[in-house]
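FYI, the numbering just counts along the sequence from 1.
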Amino acid sequence: MVGMKPKDVVPSAAVKFFGAGTAACIADLITFPLDTAKVRLQIQGESQKVEGASTMKYRGVFGTITTMWRTEGPRSLYSGLVAGLQRQMSFASIRIGLYDSMKQFYTRGTESAGIVTRLMAGCTTGAMAVALAQPTDVVKVRFQAQVRLADGGRRYNSTLNAYKMIARDEGVRGLWKGCMPNITRNAIVNCAELVTYDLIKELILKYGLMTDNLPCHFTAAFGAGFCTTVVASPVDVVKTRFMNSADGQYRSAINCALTMVRNEGPTAFYKGFMPSFLRLGSWNIVMFVTYEQIKRGMTKTQQYWESPL
């Protein structure tokens, strides 16, 4: 990331890798109910077609959270959290922690990185992260989407049980269901999120609007969250619908998108936009602010231990 002064020690790749995963987990712990509400709103259109399902069960972000709290209990808001933390520790560590290293790879070690280089770096680390962490994302979405049955039971009883059931019923490929739309989504998200944060922060520091501190990180993260939501929401809705679908419901992600347009209209691609923005905006703020502090803290600690007595 930009903003390092010449006298500053640049954080190592290991510090960035660990710091990104840790910061993302902290952000997930705080914003997970918003993510769960987003998933419920995104799949609501297909839920209406299930026999006996009520029409428009969820209305708005906080209405969805309130309904889930009342009908399923407060724990339902954190359904899939274990898989979510597993996802972030592996996923964010790669897509965010290796972003600067990938920029250096494409620029062959030079300091200057243009917009094309940043986009290439974002696409690369986003695709790498999905290839590794896709099973955790599938399980997280399945947990968030499941509603408590009439007898009090659930589709999956635990995170490990979900991995086993999906692999048994749908094959190992089921754990990578929606991998291609997810790669597309995360290439877009990574570019919008990291590149926007990088550019906003760089401009703020270049024109002296703020120093490289918490208000600067907050502003850049908020802008990154809004831009990311606008760009990535259509792909995110398709990804969620496809990963949560029953085996054979959709032939492909493209078929899922076409079915959505035919049955619900183009506005379906922006279902759950407000919780998406609230979640991505708040997630970006918590993650980037925490990430910057973790990098600084770990680098100072590393300097202290390596400095001669």
Side-chain angles (χ1 to χ4, degrees), residues 35-59 64 67-68 71-72 76 79-80 83-84 87 91 130-131 133-151 153-189 232-273 275-276 279:
D35 192 38
T36 303
K38 177 203 74 172
V39 170
R40 291 293 180 93
L41 285 167
Q42 285 177 338
I43 66 170
Q44 184 161 242
E46 59 186 14
S47 297
Q48 292 171 18
K49 301 183 186 306
V50 178
E51 186 177 353
S54 58
T55 303
M56 295 298 290
K57 180 179 180 181
Y58 305 116
R59 294 181 183 274
T64 301
T67 300
M68 291 180 63
T71 59
E72 303 172 51
S76 65
S79 183
R87 173 182 180 269
F91 185 76
V130 172
Q134 180 68 7
T136 61
D137 204 10
V138 172
V139 171
K140 179 183 81 77
V141 168
R142 295 283 182 94
F143 260 102
Q144 289 175 313
Q146 71 175 352
V147 180
R148 188 180 296 276
L149 303 176
D151 59 1
R154 286 185 177 274
R155 186 179 183 183
Y156 306 113
N157 297 319
S158 67
T159 304
L160 183 60
N161 172 252
Y163 285 118
K164 288 180 177 178
M165 285 187 65
I166 293 171
R168 185 193 66 202
D169 298 340
E170 304 172 40
V172 176
R173 290 180 61 184
L175 291 169
W176 269 266
K177 188 172 188 177
C179 188
M180 288 311 298
N182 210 13
I183 286 177
T184 304
R185 174 199 180 263
N186 282 290
I188 294 171
V189 166
S233 189
V235 183
D236 190 34
V237 174
V238 173
K239 180 212 77 167
T240 300
R241 291 280 187 97
F242 188 66
M243 288 199 309
N244 184 59
S245 63
D247 195 26
Q249 183 176 352
Y250 302 115
R251 293 190 300 274
S252 65
I254 295 176
N255 174 251
C256 177
L258 293 174
T259 303
M260 285 172 56
V261 173
R262 185 169 59 249
N263 294 339
E264 303 167 57
T267 56
F269 290 112
Y270 281 91
K271 279 195 171 184
F273 179 84
S276 289
R279 195 259 176 179

With rounding to the nearest 0.5 Å, note down the distance linking [atom1] in [X] to [atom2] in [Y].
{"X": "M180", "Y": "S252", "atom1": "CE", "atom2": "OG", "result": "11.5 Å"}
{"X": "N255", "Y": "R262", "atom1": "CG", "atom2": "CZ", "result": "7.0 Å"}
{"X": "E170", "Y": "W176", "atom1": "CD", "atom2": "CH2", "result": "13.5 Å"}
{"X": "R40", "Y": "E72", "atom1": "CZ", "atom2": "CD", "result": "4.5 Å"}
{"X": "K164", "Y": "N157", "atom1": "NZ", "atom2": "CG", "result": "11.5 Å"}
{"X": "D137", "Y": "L175", "atom1": "CG", "atom2": "CG", "result": "12.0 Å"}

* Going through the distances and angles, do Y156 and V139 end up as a side chain to side chain contact (heavy atoms under 4.5 Å, CB included)? -> CA-CA 9 Å; Y156 306 113; V139 171; over 6 Å; no
* To do: Measure from the side-chain N and O atoms of D236 to the backbone N and O of A232, and report whether any donor-acceptor pair falls under 3.5 Å.
  => no
* Asked: Judged by atom type as modelled, is there a donor-acceptor pair below 3.5 Å linking the side chain of S79 to the main-chain atoms of F143?
  -> yes
* **Trace of the side chain to side chain contact (heavy atoms under 4.5 Å, CB included) decision for M260 with K271** => CA-CA 11 Å; M260 285 172 56; K271 279 195 171 184; over 6 Å; no
Please report the closest heavy-atom contact between [X] and [Y], naming both atoms and the distance.
{"X": "A253", "Y": "F242", "answer": "N-CE1, 3.8 Å"}
{"X": "A268", "Y": "V237", "answer": "O-CG1, 3.6 Å"}
{"X": "V130", "Y": "N182", "answer": "CG2-O, 3.7 Å"}

* Asked: Are there more than 12 heavy atoms of other residues, nucleotides or ligands under 6.0 Å from atom CG of L258?
  -> yes
* Asked: Is R173 atom CZ crowded by more than 12 heavy atoms from other residues, nucleotides or ligands, each under 6.0 Å away?
  -> no
* **Residues forming a side-chain hydrogen bond (donor to acceptor under 3.5 Å, both in side chains) with D35, sequence neighbours excluded** => K38, K140, Q144
* Going through the checks in order, is the side chain to side chain contact (heavy atoms under 4.5 Å, CB included) test met by M165 and R142? -> CA-CA 11 Å; M165 285 187 65; R142 295 283 182 94; over 6 Å; no
* **Any residue meeting side chain to side chain contact (heavy atoms under 4.5 Å, CB included) with T184, in chain and number order, not counting sequence neighbours** => I188, V235
* For side chain to side chain contact (heavy atoms under 4.5 Å, CB included), just list the numbers for Y163 and V138, CA-CA rounded to whole Å, side-chain angles, deciding distance to a tenth of an Å, and then say yes or no. => CA-CA 9 Å; Y163 285 118; V138 172; over 6 Å; no
